[in-house]
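Structure first, then comments.
The chains referred to below are lettered A, B, ... by the order of the sequence lines, with proteins before strands, and numbering in each begins at 1. These numbers come from a predicted model, not from an experiment.
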Number of protein chains: 2
Amino acid sequence: MPQPEGSDRRERALPSFYKQVYVGITIYDIAEEAGVSIATVSRVFNDNPRVSEGTRAIVQEVAERLGYQPHVSARSLARRQTETISAIVPMLSNYFYAEVLKGLQDRMSASSFDLLVYSAPTLDEIEGQVEKALHRGRSAGVMLFSAPIKGDLERQLQHSDTPVVLVDCYHPGFDSISTDNRLGGEIAAEYLLAAGIREPAVLMANPHSVPASHRMQGFRGALERKGVHLAEDHLVVSSDGYHDGFNEQAGYDGMMTLLEAGIRPDGIFATSDVQAIGAMDALRNAHHSVPEDVQIIGFDDLPIARYLGLTTLRQPMHEMGGRAFDLLMERMAHPESTVAHTVFAPSLVDRHTTRSATLA
Amino acid sequence: MPQPEGSDRRERALPSFYKQVYVGITIYDIAEEAGVSIATVSRVFNDNPRVSEGTRAIVQEVAERLGYQPHVSARSLARRQTETISAIVPMLSNYFYAEVLKGLQDRMSASSFDLLVYSAPTLDEIEGQVEKALHRGRSAGVMLFSAPIKGDLERQLQHSDTPVVLVDCYHPGFDSISTDNRLGGEIAAEYLLAAGIREPAVLMANPHSVPASHRMQGFRGALERKGVHLAEDHLVVSSDGYHDGFNEQAGYDGMMTLLEAGIRPDGIFATSDVQAIGAMDALRNAHHSVPEDVQIIGFDDLPIARYLGLTTLRQPMHEMGGRAFDLLMERMAHPESTVAHTVFAPSLVDRHTTRSATLA
DNA sequence: CTGAAAGCGCTTACAG
DNA sequence: CTGAAAGCGCTTACAG
């Protein structure tokens with residue numbers, strides 16, 4: 001490590017097992033150099049108006065010259081407050097979360113908060129990560145993604161004083177933001193029916209996934225209301241645990257299951273875009289053409305969907321991230337206000353994996 | 001917020017402007033209840049062997065019963081050490097970073113470190129984010145992604161005592177991990193030539209992007225060594241600033257530029273998979289078929305590439321993230337050891353957007 | 001407008 | 001093996 005040339009850092013006597021001997025410039029250094037008390041220095045950095053202009057100017061000049069930066073832990077400890085929020089997501093490499101997180105980051109960048117990201121790829125890892133995020137002094141607020149809130153996790157959250165907002169999941173006791181998954185399924189069904197399909201099939205992610213289940217239920221329900229039955233063997237549920245079955249391979253495998261059983265649906269609803277993409281690959285390999293032989297609808301509207309011509313149900317991912325941040329700030333400012341649930345309606349984006357339908 | 005029923009939390013007198021009046025269980029509470037000193041309590045939680053078994057047991061029992069959790073800021077302050085590392089990435093919604101970050105998280109989960117994520121979508125935002133990440137007490141180490149290390153940024157990094165590892169970028173003074181982008185371009189050129197193309201074109205991301213430039217240079221160089229010239233108007237450089245031109249639209253637009261100029265290359269090298277995907281969409285709309293009329297090679301090998309049949313140069317993204325973490329740990333343990341640069345060789349993944357070539 | 005002092009919740013030599 | 005005490009670097013009533 002290069003030495004900070006000509007800087008005013010001091011070497012302090014620290015126990016030998018500490019690697020970092022530079023502690024940096026503290027308010028004591030500034031106070032001494034500026035000829036004021038540490039209280040005054042602190043006030044300057046906290047924009048306290050009870051400091052004269054002259055004093056403020058010299059403190060700022062000295063701080064600038066010495067390259068002072070407040071120590072975040074000391075500040076948090078003294079203020080009993082952090083400026084970091086934690087997001088607990090199943091997995092960063094899931095494009096849906098990546099998009100939501102981008103929306104969150106874009107909104108956060110205007111604030112002084114920092115983002116801690118915990119990942120909990122499987123259900124049983126969630127509690128541990130939540131516990132870490134809830135450690136005293138760690139987070140000013142927590143955003144929990146796609147987690148079924150019950151049992152120990154529910155208790156954990158309820159007994160904490162840290163504000164929480166749920167994203168892509170629901171519990172009556174906490175602010176939440178989600179998409180109306182049932183409605184999305186219904187829209188998909190109605191659209192496919194209007195486009196003339198007779199034999200629908202569903203490629204669903206893992207059975208324990210609440211969003212996937214709701215999407216499928218909405219789809220099946222709307223079908224039935226129109227007098228069309230979703231045959232048992234036309235619903236294939238993924239047991240691929242990676243990303244809860246929200247992945248390309250699960251879609252590919254699901255489609256192969258159908259094909260190998262001799263099933264030839266003419267309309268497919270996949271519970272996510274990535275599954276739809278996998279399914280299309282299987283279809284291509286089997287020389288079935290989309291949308292001529294079979295139409296297909298995904299869910300999410302990832303940026304890439306547009307370039308693949310995929311018809312899908314759009315979730316406003318970017319907006320969801322931004323709103324989640326707003327909700328958290330709101331909750332932090334008013335801990336006692338009424339719990340609020342924001343539900344977005346998904347919208348159908350018509351592209352080329354379906355034939356243009358004439359919706360009634 | 002529900003009251004922690006039957007818990008031993010105390011309400012402390014705090015200034016009225018503090019929302020959170022519960023400070024939680026501290027070592028003082030444990031010490032009192034267990035009839036020992038706070039030093040002993042602390043020793044138990046630090047696995048200090050100089051505590052008798054009996055004392056340890058009772059302290060642990062009490063802590064468990066009262067639901068004690070250490071306060072992270074207090075601990076950091078006293079230890080002069082944090083357990084968080086910071087990653088500064090251009091953007092989370094870029095799939096390449098999402099994959100690398102997944103590799104990082106997977107490796108990190110075995111450690112007790114937490115991950116702070118900063119995003120710097122444009123070049124001038126990097127310094128500000130680096131400064132935040134370098135605040136005293138914030139990070140035990142920093143991972144900086146895809147940033148040109150020069151000028152103020154270079155100085156900033158050099159004058160800091162925080163270990164840094166560079167990912168997808170290079171500077172002689174810091175540990176780094178990256179892919180041999182020039183080699184990737186060369187492989188692409190040789191492959192395309194062997195597959196019989198005569199008129200190559202390149203779809204490049206932003207000109208200031210170092211990885212994109214190297215990929216293009218490698219491609220052009222290998223071409224020339226084989227006596228094939230890359231015409232000036234066959235190299236289209238994106239001015240779309242989103243993700244530095246590493247996005248689908250940039251690829252789409254680049255392809256359209258070629259097409260509208262009446263240029264009909266028979267082999268295309270895109271500097272990323274997402275650009276290749278955008279280009280393929282443009283080709284499809286113009287009724288050109290891949291690989292019959294034109295062959296195309298991407299870069300990255302995103303998981304999705306496999307399902308699109310895209311031939312591409314693979315970067316070991318997951319491994320890069322894991323290695324980056326290892327390097328950082330290594331540097332933290334041995335601050336004075338020699339700087340190390342890890343360079344991965346990209347490998348060609350042959351799929352269906354090229355005709356199978358017979359490489360010499 | 002300013003300073004002395006107490007306190008935030010830990011860790012750890014030092015002395016026993 | 002254990003405790004009293006100092007210290008990490010801030011913030012903020014309180015008194016002037």
Quick one: the side chain of B:Arg80 and the base of D:dG9, do they pair up donor-acceptor inside 3.5 Å?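 No pair found.
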
For a quick check of understanding: with a heavy-atom distance under 4.0 Å over all strands, which category does [X] fall into, base, sugar-phosphate or nothing?
| X | answer |
| --- | --- |
| B:Asn46 | sugar-phosphate |
| B:Ser52 | sugar-phosphate |
| A:Arg75 | sugar-phosphate |
| A:Thr55 | sugar-phosphate |
| B:Gln69 | sugar-phosphate |
| A:Phe45 | nothing |

Distance, rounded to the nearest Å, where [X] contributes [atom1] and [N] contributes [atom2]:
| X | N | atom1 | atom2 | answer |
| --- | --- | --- | --- | --- |
| A:Ile58 | C:dC1 | CD1 | P | 17 Å |
| A:Leu77 | D:dT11 | CG | P | 11 Å |
| B:Gln81 | D:dG9 | CD | P | 14 Å |
| B:Arg43 | D:dT2 | CZ | P | 9 Å |
| B:Arg50 | C:dG16 | CZ | C1' | 12 Å |
| B:Ile25 | C:dC8 | CD1 | C1' | 16 Å |
| B:Asn48 | D:dC1 | CG | C1' | 10 Å |
| A:Asp47 | C:dC1 | CG | P | 14 Å |

Can you figure out which of [options] approaches the side chain of [X] most closely?
| X | options | value |
| --- | --- | --- |
| B:Ala78 | C:dG3, D:dG9, D:dG7 | D:dG7 |
| B:Ile27 | C:dA4, C:dT11, D:dT11 | C:dT11 |
| B:Val51 | C:dT2, D:dG9, D:dT2 | D:dT2 |

Quick one: on DNA chain C, does A:Ala39 or B:Ile38 contact a more 5' nucleotide (nearest heavy atom)? A:Ala39

If we call it a pair only when both distances are under 3.5 Å in a Watson-Crick or G-U wobble match, what pairs with C:dA13? none

Find the partner of D:dA4: check Watson-Crick (N1-N3 plus N6-O4 or O6-N4) and G-U wobble (N1-O2, O6-N3) distances, both under 3.5 Å, and reply none if neither fits. none

Looking at [X], does any N or O in its side chain come under 4.0 Å of the phosphate oxygens OP1/OP2 on [N]?
| X | N | result |
| --- | --- | --- |
| A:Thr40 | C:dG3 | yes |
| A:Thr26 | D:dG9 | no |
| B:Arg79 | C:dT11 | yes |

Taking atom P in both D:dA6 and D:dT2, compute the distance separating them and give it to the nearest angstrom.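 Each nucleotide's P atom is 23 Å from the other's.
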
Test log, rule side-chain hydrogen bond (donor to acceptor under 3.5 Å, both in side chains), inputs B:Asp106 and B:His318: CA-CA 9 Å; B:Asp106 286 352; B:His318 194 265; 2.8 Å; yes

A:Arg56 side chain to A:Asn48 side chain, donor-acceptor N/O pair below 3.5 angstrom: no

Just checking, any donor-acceptor pair under 3.5 angstrom between side chains of B:Ser76 and B:Ser73? no

Residues A:Pro163 and A:Leu328: closest non-hydrogen pair is O-CD1, 3.8 Å

B:Glu61/B:Arg65 ion pair, N-O < 4.0 Å: yes

Give a yes or no on this: more than 12 heavy atoms of other residues, nucleotides or ligands lie within 6.0 Å of atom CD of B:Glu83.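 Yes, because the 6.0 Å sphere around CD of B:Glu83 holds more than 12 heavy atoms from other groups.
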
Hey, which sits more toward the 5' end of DNA chain D by its nearest nucleotide, B:Arg56 or B:Ala74?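 Checking each residue's closest nucleotide, the 5'-ward one belongs to B:Arg56.
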
